[in-house]
Every structure is written in structure tokens, then in C-alpha cells.
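Just so you know, these numbers come straight off a predicted model, no measurement behind them.
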Amino acid sequence: MINLFKGQFLLDGTIGLLTEKPIDEKLKENIMVTLLFSNEELMGQNYIYGFRQISEIGV
């Protein structure tokens, strides 16, 4: 089960993915490289950020 959505802010220790069975380190590494983690909000990589900015301007 994936508990994350695109553009979500995460705190250290947040559980984002739960599995019924243990997974090996190679699979864990493959999953992690598919996710985008950033300390900044970049519109080019995260379209949700752009929509949030437009909404804030509109309000």
C-alpha cells in the first residue's frame, strides 16, 4: 500500500510504503530511485507545486 501522493511534504520517519512481506535491499533501492525527493519545490519536476501556486494567487 502506498501512503504518499505527488507533491506531499514528508517528515523524517514518515511511512510511505507498506508491504505484506519483507523486501530485499535491491528491490528497496529500485523503489527509492523511482521516487523524487527534493528540499526545494521545483515546478519543472512537480506540476502539483505549480497548481498550488496558481491557487494561492487566485485566492
Side-chain angles (χ1 to χ4, degrees):
M1 174 168 65
I2 298 176
N3 293 329
L4 305 173
F5 57 88
K6 189 170 178 95
Q8 181 176 351
F9 177 80
L10 300 175
L11 296 172
D12 283 341
T14 300
I15 296 174
L17 179 74
L18 297 172
T19 64
E20 292 180 1
K21 299 178 183 178
I23 59 174
D24 63 13
E25 286 301 313
K26 181 65 177 166
L27 179 55
K28 189 180 200 179
E29 184 180 312
N30 287 341
I31 292 169
M32 292 301 289
V33 298
T34 64
L35 302 173
L36 171 66
F37 292 99
S38 176
N39 292 331
E40 301 173 7
E41 293 187 296
L42 304 172
M43 272 189 287
Q45 295 176 337
N46 183 359
Y47 67 88
I48 299 293
Y49 176 61
F51 284 127
R52 190 168 50 233
Q53 279 190 323
I54 291 171
S55 315
E56 289 172 359
I57 291 168
V59 170

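Counting non-hydrogen atoms of other residues, nucleotides and ligands closer than 6.0 Å to CG of Leu18 gives a total above 12.
Judged as a side chain to side chain contact (heavy atoms under 4.5 Å, CB included), and not counting sequence neighbours, Ile57 has no contacts. Applying the side chain to side chain contact (heavy atoms under 4.5 Å, CB included) rule to Ser55 yields no partners; only residues at least two apart in sequence or on another chain are considered. With sequence neighbours excluded, the residues satisfying side chain to side chain contact (heavy atoms under 4.5 Å, CB included) with Leu27 are Ile23, Asp24, Ile31.
The shortest heavy-atom contact between Val33 and Asn30 is CG2-O, 3.2 Å.
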